[in-house]
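Take a look at the structure below.
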Number of protein chains: 2
Amino acid sequence: MNIGDVARRSGLPTKTIRYYEEIGFIRPKRLDNGYRDFDEAELHKLAFIGRARSLGFSVEDCRILLELYDDKSRASAVVKKVAEQNLKAIDAKIADLQAMRVTLSHLIDKCAGDHRPDCPILENLGKITTKDA
Amino acid sequence: MNIGDVARRSGLPTKTIRYYEEIGFIRPKRLDNGYRDFDEAELHKLAFIGRARSLGFSVEDCRILLELYDDKSRASAVVKKVAEQNLKAIDAKIADLQAMRVTLSHLIDKCAGDHRPDCPILENLGKITTKDA
DNA sequence: ATGGGGCTTCCAGTCACCGGAAGGTCAAGG
DNA sequence: CCTTGACCTTCCGGTGACTGGAAGCCCCAT
């Protein structure tokens, strides 16, 4: 299977697939002309990584998850722990963004948004909130 | 004012301040010994950038906001628009993360998380969801 | 044989910094 | 006067996870 077919079937760009080879996720054989030749197992692995990435797992998380996936005797608790850590990280990001959102939307609400130059948004950003030593 | 004082008063790391000089946000004078010498206006500007960054504005957004801040005759509508675009981007990120969160937490709930090897998390990641051409 | 797409490698760029090395400067203490 | 330690400087490289582009094969259909 050529890289283009794998890209279509996995949903990953060819650039990303080459990158995943570079960082050791896959080692496709080569044809005589130098083209990569993927088998179904590699396609499968790439699709796995793609799904995990879309759920917010880092590439290094994926490396761990792949190892766990291959190790059929590992306890599910181990996998669950990795997933829970990821969930925590996602929750923290959501909380950060929501805090931003609150402040920013307050600012936007207070701004008339007309032809006049007075703007509470800039005024607030301009406030020096230093901790004078 | 030395860079260390500015760092303490603005809350930005010295590395970041030097970086902001490099990309043209500020142009502090230099003392004979080569040290940067900041004035209050520069401190103010850095604090402004720091606050905007913490609200999710990109560095390029900050460049625009600074220009708008300096242009006392611009309409507040212009600023509001930039802020609203940022708010939209924040909302999109929150939505993405929440979608991830839902899927991942379902998966985690379904996983026993014990000594047994069966794990719905990995099983789901392993599902090939390709669009076979 | 020619054209167009697909494949290869390699280099550089993204974004917003951060870490560290090598070295100059300054104020205080012995 | 010397040392110590906290500053400051520049420069180089790295981060994460790709992405873009150039230069150049390769393959197939016309």
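Reminder, nothing fancy here: chain letters follow the sequence lines and each chain counts from 1.
Dashed line: the shortest gap from a side-chain N or O of B:Tyr20 to OP1 or OP2 of C:dC17 is under 4.0 Å. In terms of phosphate contacts, A:Arg36 brings no side-chain nitrogen or oxygen within less than 4.0 Å of OP1 or OP2 of D:dC26. Phosphate contact (OP1/OP2 of C:dC18, side-chain N/O of B:Thr16, threshold under 4.0 Å): present. At the phosphate of D:dT9, OP1 or OP2 sits under 4.0 Å from a side-chain N or O atom of B:Arg18. In this structure, A:Asn33 reaches the D:dC27 phosphate: one of its side-chain N or O atoms is under 4.0 Å from OP1 or OP2.
Using a 4.0 Å heavy-atom criterion, one finds that B:Thr14 contacts no nucleic acid atom at all. Using a 4.0 Å heavy-atom distance criterion, B:Ile3 is classed as a sugar-phosphate-only contact.
As rounded to whole Å, 12 Å separates atom P of D:dG16 from atom CZ of A:Phe25. Atom pair B:Glu60:CD and C:dC15:P shows a separation of 8 Å (rounding to whole Å applied). The CZ atom of A:Phe38 sits 11 Å away from the C1' atom of C:dC7 (whole-angstrom rounding). B:Lys93 has its NZ atom 11 Å from the C1' atom of C:dC15, to the nearest Å. Rounded to a whole Å, the CD atom of A:Glu21 is 13 Å from the C1' atom of C:dC7. Here the P atom of nucleotide D:dC27 and the CG atom of A:Leu31 are 9 Å apart, to the nearest Å. Atom CG in A:Asp32 sits about 14 Å away from atom P in C:dT8, given to the nearest Å. Whole-Å rounding puts the B:Asp37 CG to D:dC7 C1' distance at 15 Å.
Enclosure of atom CZ in A:Arg30 by more than 12 non-hydrogen atoms of other residues, nucleotides or ligands within 6.0 angstrom is indicated.
Contact annotation: the side chain of A:Glu21 approaches that of A:Arg36 to within less than 4.5 Å [non-hydrogen atoms, C-beta and beyond].
The residues B:Arg63 and B:Glu60 are annotated as salt-bridged, a charged nitrogen and a carboxylate oxygen being separated by less than 4.0 angstrom. Taking a cutoff of 4.0 Å between a charged side-chain nitrogen and a carboxylate oxygen, A:Arg9 and A:Glu40 qualify as a salt bridge. The pair A:Asp5-A:Arg8 meets the salt-bridge criterion, with a side-chain N (NZ, NE, NH1 or NH2) lying under 4.0 Å from an Asp/Glu carboxylate O.
Among C:dG20, D:dC8, D:dG20, the nucleotide with an atom closest to any side-chain atom of A:Lys15 is D:dG20.
Along DNA chain C, the nucleotide nearest to A:Tyr35 and the one nearest to A:Arg30 differ in position, and the one closer to the 5' end is contacted by A:Tyr35.
With hydrogens and angles left out, the side chain of A:Tyr19 and the base of D:dG16 share no donor-acceptor pair within 3.5 Å.
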